[in-house]
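To start, the structure itself, in structure tokens.
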Amino acid sequence: MNVFAHVEGRIIAALEQLKSKAKLPTDLDLTGVKVDAPADRSHGDLATNAALVLTKRAGMKPRDIAELLKAQLASDPEIAKIDVAGPGFLNLTFTPGFWHDLVRTIIADGAAYGRSDLGQGLNINVEYVSANPTGPMHVGHCRGAVFGDTLANLLAFAGYKVTREYYINDAGGQVDKLASSVLWRYRQALGQDAAMPDGAYPGDYLMPVGAALAKAHGDALLELDNAKALAIIKDATMAAMMTEIRLDLALLGIKHDVFFSERSLTAGHDQIAQTIAALRAKGFIYEGSLPPPKGEPNDDWEDRTQTLFKATAFGDDIDRALQKADGSYTYLAGDIAYHRNKLARHFDQLIDVWGSDHKGYIKRMQAAVQALSDGKQTLDVKVSEIVNLLDKGVPVKMGKRTGNFVTLRDVVEAVGPDAVRFMMVYRAPETVLDFDYAKVTEQSKDNPVFYVQMAHARIASVFRNAAETFPALTPSSAAVRDPNLTLLNDQGEIALIKKLADFPRLIDAAARAKEPHRLAFYLYDVATALHGQYARGNDSPYLRFIQADEMVTAARLGLLLAVKQVITSGLGVLGVQAPEAMR
RNA sequence: GGUCCCGUAGCUCAGCAGGAUAGAGCGGCAGUUUCCUAAACUGUAGGUCGCAGGUUCAAUUCCUGCCGGGAUCACCA
């Protein structure tokens with residue numbers, strides 16, 4: 001149950017009643033009426049802006065509308081207090097029983113608590129990672145991978161039907177270069193003294209691929225025509241690289257539903273040609289040349305005639321090339337064909353998660369999706385900014401394609417998947433993130449991963465301790481799952497329940513905004529409330545969860561069970577373990 | 001030069017589809033351990049929300065311009 005939605009429904013109903021009694025204009029438009037938590041919780045549990053929003057439309061003073069609404073709601077048994085405050089806010093305070101019922105609801109709903117029907121079962125495609133299969137994943141890929149996966153989890157939790165997709169860039173010049181690099185490693189594996197080709201990938205990680213080819217084929221590949229040999233090597237290399245990448249992703253608990261190969265676009269039917277033809281039919285293709293880049297003068301610039309996509313028709317800065325001067329397709333052409341393929345698979349929404357270095361690519365891709373779908377479909381692109389890898393505040397060096405980059409595997413093995421996943425979404429994606437090895441493995445409040453997991457483990461610990469005195473009070477017992485909750489009357493306990501009440505609304509908001517980091521921060525808040533209540537027992541033993549009275553203990557364990565459920569669900573969406581005990 | 005992102009407390013960052021006196025952690029200061037894990041908790045100090053306009057009953061939030069920082073720019077992938 002979403003408390004906010006529930007109460008909003010009651011407010012709307014009350015306003016409708018006022019309309020039917022003609023105390024408000026009968027044709028009054030109620031859009032914009034919302035229920036929120038008041039800025040200061042001492043004002044009440046929930047607040048509505050109804051009077052402020054309606055004042056103009058109704059032609060009445062806000063406080064007069066508020067008073068009407070207050071009178072209309074006065075008979076509600078769950079509302080303990082209603083105040084008109086400030087310019088016309090209506091602050092509602094609920095009875096303890098209202099909150100006690102929520103605890104019961106959370107326990108009964110279990111893993112379903114917090115799920116929403118926001119997505120209404122719509123099909124949504126989330127494409128993320130899509131790292132080039134030219135080597136192991138490095139830490140730079142990590143953030144986008146975790147962000148995309150967490151976003152997918154979040155959307156699924158919010159009621160969408162999610163397809164997780166990976167676009168394999170297994171075509172183009174880089175892959176050819178990679179194949180030549182493997183050929184070199186293959187020769188080396190055969191004992192030849194081969195020189196490293198120009199522009200080859202120097203990393204050691206290609207040595208096993210060369211060795212495996214040597215083992216499988218002997219020197220037979222050298223007998224073949226060079227192009228044929230490279231084709232075989234390319235296939236083997238792609239397979240090997242994708243195996244590695246899947247293993248890397250598995251370390252983080254990431255599993256895609258679809259791996260879509262760029263090469264498959266031109267494998268039987270040339271989908272790129274079909275795509276260009278489709279765009280041409282809509283009038284968005286022409287042969288022409290582009291103006292030279294502005295700003296820094298570039299000596300290499302040549303004017304040339306190419307097949308261009310009229311991206312400017314959809315707000316892009318310039319039109320974009322789809323075919324190179326030699327007639328081969330550009331990367332963009334393939335990517336447009338890929339997105340056309342996605343459109344053909346009838347997703348209701350498309351989301352791409354890209355690294356910040358692709359920011360400049362967003363407009364042209366969105367232009368293409370609009371052009372292909374006649375403006376009926378939009379592409380939502382989420383960009384994740386770079387990660388600065390630090391150790392105790394000192395930058396950890398990493399280079400691109402130098403062969404000595406920090407791999408994703410290094411990082412996960414150093415700090416564990418939970419810390420990586422949590423910390424990578426503990427920041428808005430569009431902000432630069434500092435990731436400090438030392439910090440994320442620290443066991444303190446300064447490390448949110450630890451702090452949230454600790455809250456879960458602490459609850460599990462309390463259950464274990466309680467069982468020593470009251471063996472009947474297990475998490476699955478009726479005594480704990482349906483206790484006498486009126487015994488929960490401490491302010492801290494009620495505050496904890498109210499924090500849990502925020503969960504469904506938070507999920508909704510985070511899913512709507514596609515911002516998983518909000519969930520991470522929320523869980524930190526829940527953990528703070530739990531640890532705080534626990535600590536109050538230090539000074540005031542009567543507040544400890546385990547009491548001499550079994551009924552009181554059962555009620556508090558019931559509350560803890562609800563807290564545990566929310567933390568478990570929340571961490572589940574983040575893809576982080578909820579441990580029963582800390583090491 | 002164009003485009004995009006960021007600019008909130010000394011530091012790192014939240015701020016919930018605009019809302020009432022802007023929050024958290026760290027660091028500072030002052031406290032708290034016969035107690036379910038002190039790996040913690042409580043209190044306190046600290047802010048012209050980069051600047052200037054605009055829209056609105058209401059702007060940290062939306063729009064415009066400027067300033068500062070970052071990313072990016074053609075046949076790369």
Side-chain angles (χ1 to χ4, degrees), chain A residues 4 34 36-40 43 47 49 52-53 55-56 62 85-89 91 130-132 134 169 171-175 262 290-296 298 300-302 304 306 316-318 320-326 328-332 334-335 355-363 383 385-386 426-434 436 439 442-448 450-451 454 457-459 461-466 468-469 502 505-506 508-510 512-513 515 517-518 520-522 524-525 528 531-541 544-547 581-582:
Chain A
F4 293 86
K34 278 195 317 180
D36 268 306
D40 183 344
H43 288 153
N49 62 351
L52 291 163
V53 172
T55 178
K56 212 168 188 179
F89 288 102
N91 291 326
S130 299
N132 292 348
T134 52
N169 299 135
Q174 291 215 28
V175 180
E262 183 182 356
L290 292 171
K294 295 187 178 105
E296 305 275 313
N298 190 332
D300 297 340
W301 172 256
E302 304 168 32
R304 52 194 160 226
Q306 296 168 285
D316 199 1
D317 311 317
I318 56 170
R320 304 291 173 176
L322 298 183
Q323 282 180 305
K324 305 175 192 173
D326 67 4
S328 62
Y329 299 125
T330 62
Y331 178 78
L332 177 65
D335 213 359
S356 63
D357 52 339
H358 285 64
K359 263 190 257 184
Y361 201 76
I362 295 175
K363 280 187 181 175
V383 167
E385 267 294 344
I386 55 173
Y426 194 61
R427 203 111 301 177
E430 61 272 10
T431 60
V432 176
L433 171 73
D434 288 342
D436 195 313
K439 270 261 151 61
E442 194 174 294
Q443 301 207 331
S444 75
K445 194 180 180 180
D446 199 15
N447 176 2
F450 168 78
Y451 193 67
M454 179 65 197
R458 176 166 265 172
I459 292 170
S461 164
V462 171
F463 268 99
R464 286 191 294 271
N465 284 313
E468 290 178 13
T469 313
D502 288 343
R505 181 165 171 267
L506 181 113
D508 253 27
R512 217 189 305 267
E515 292 182 351
H517 72 275
R518 290 188 195 179
F521 279 94
Y522 169 74
Y524 187 83
D525 279 352
T528 301
H531 290 308
Q533 185 64 10
Y534 173 95
R536 290 178 71 209
N538 292 337
D539 292 331
S540 314
R544 294 181 191 172
F545 301 133
I546 300 171
Q547 294 293 317
M582 300 305 284

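Lettering follows sequence order; numbering is per chain, from 1. Small disclaimer: the values here were computed from a predicted structure and weren't measured.
Across the P atoms, B:A59 and B:C63 are found 16 Å apart, a figure rounded to whole Å. Atom P of B:G47 sits at a distance of 15 Å from the matching atom of B:U8, rounded to the whole Å. The C1' atoms of B:G19 and B:G15 are separated by 13 Å, rounded to the nearest whole Å. Comparing the P positions of B:A45 and B:A22 gives an interatomic distance of 14 Å, to the nearest angstrom. Of the C1' atoms belonging to B:A24 and B:C41, the separation is 15 Å, rounded to the nearest Å. Between B:C11 and B:G53, the two C1' atoms lie 32 Å apart (nearest whole Å). Look at the P atom in both B:U48 and B:G54: the space between them is 23 Å, to the nearest Å. B:C49 sits 28 Å from B:G2 when the P atoms are compared, rounded to a whole Å.
Note: A:Phe521 and A:Tyr426 have parallel aromatic rings, judged against thresholds of 30 and 60 degrees for the angle between ring planes.
For the strand RNA chain B, secondary-structure stems (runs of at least three Watson-Crick or G-U pairs, all distances below 3.5 Å) span B:1-7 with B:67-73, B:10-13 with B:23-26, B:28-32 with B:40-44, B:50-54 with B:62-66.
For A:Glu515, the side-chain contact (heavy atoms from CB on, under 4.5 Å) criterion is met by A:Ala513, A:His517, A:Arg518, not counting sequence neighbours. Every residue meeting the side-chain contact (heavy atoms from CB on, under 4.5 Å) condition with A:His531, not counting sequence neighbours, appears here in chain and number order: A:Tyr451, A:Met454, A:Ala455, A:Arg458, A:Ala527. Annotation: ring pair (Phe, Tyr, Trp, His ring centres under 6.0 Å) contacts of A:Tyr361 (sequence neighbours excluded): A:Trp354. Considering only residues two or more places apart in sequence or on other chains, A:Lys324 meets the salt bridge (Lys or Arg N to Asp or Glu O under 4.0 Å) condition with none of them. Not counting sequence neighbours, the partners of A:Val462 by the side-chain contact (heavy atoms from CB on, under 4.5 Å) test are A:Phe545, A:Ile546, A:Leu557, A:Leu560. A:Asp317 pairs by the salt bridge (Lys or Arg N to Asp or Glu O under 4.0 Å) definition with A:Lys363, not counting sequence neighbours. Remark: A:Arg320 pairs with A:Asp316 by the salt bridge (Lys or Arg N to Asp or Glu O under 4.0 Å) rule, at least two apart or across chains. Shown here are the side-chain contact (heavy atoms from CB on, under 4.5 Å) partners of A:Val53, two or more places apart in sequence or in another chain: A:Asn49, A:Arg57. A:Arg464 meets the salt bridge (Lys or Arg N to Asp or Glu O under 4.0 Å) test with no other residue; sequence neighbours excluded.
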For nucleotides 68-71 of chain B, give me every protein contact, N/O to N/O, under 3.5 Å, one pair per line with atom names.
unit_1	atom_1	unit_2	atom_2	d
B:G70	N2	A:Lys359	NZ	2.9
B:A71	O2'	A:Ser356	O	3.2

Between the protein and nucleotides 18-20 of chain B, which nitrogen or oxygen pairs are less than 3.5 angstrom apart?
unit_1	atom_1	unit_2	atom_2	d
B:A20	N6	A:Asn91	OD1	2.7
B:A20	N1	A:Asn91	OD1	3.2
B:A20	N1	A:Asn91	ND2	3.1

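Rounded to an integer number of Å, the gap from A:Leu322 CG to B:A77 P is 14 Å. When rounded to the nearest whole Å, the span between CG of A:Asp539 and C1' of B:A38 equals 12 Å. Put simply, CD on A:Glu442 is 13 Å from C1' on B:G27, counting in whole angstrom units. Between the C1' atom of B:C26 and the CZ atom of A:Arg427 lies a distance of 12 Å, rounded to the nearest Å. If you measure from atom CG of A:Asp525 to atom P of B:G25, you get 10 Å, rounded to the nearest angstrom. The separation between A:Tyr524 atom OH and B:C26 atom P is 6 Å, rounded to whole Å. One atom, CD of A:Glu430, and another, P of B:G15, lie 9 Å apart when rounded to the nearest Å. We find that CD of A:Gln306 is positioned 13 Å from C1' of B:C76, with the value rounded to whole Å.
Along RNA chain B, the nucleotide nearest to A:Asn538 and the one nearest to A:Thr431 differ in position, and the one closer to the 5' end is contacted by A:Thr431. Each of A:Phe545 and A:His531 was assigned the nucleotide of RNA chain B with the nearest heavy atom; the assignment lying further toward the 5' end belongs to A:Phe545.
Among the nucleotides B:C16, B:C76, B:U12, the one closest to any side-chain atom of A:Thr330 is B:C76.
Residue contacts shown for A:Arg320 are limited to sugar-phosphate atoms, with no base heavy atom under 4.0 Å away. As judged by a 4.0 angstrom heavy-atom cut-off over every strand, A:Phe521 is placed among residues touching the sugar-phosphate backbone only. A:Ile546 comes within contact range of at least one nucleobase, with a heavy-atom separation under 4.0 Å. A:Arg512 comes within 4.0 angstrom of a nucleotide base, judged by non-hydrogen atoms across all strands. Across all strands shown, A:Ala509 has heavy atoms under 4.0 Å from sugar-phosphate atoms exclusively, and none from any base. Counting any heavy atom pair closer than 4.0 Å across all strands shown, A:Phe450 reaches a base atom. Within the nucleic acid shown, A:Ala428 comes within 4.0 Å of sugar-phosphate atoms alone, with no base atom in reach, counting heavy atoms only. Among the protein residues, A:Arg544 comes within range of the nucleic acid bases, having at least one heavy atom under 4.0 Å from a base atom.
Within the structure, a side-chain polar atom (N or O) of A:His517 is placed less than 4.0 Å from OP1 or OP2 of B:G15.
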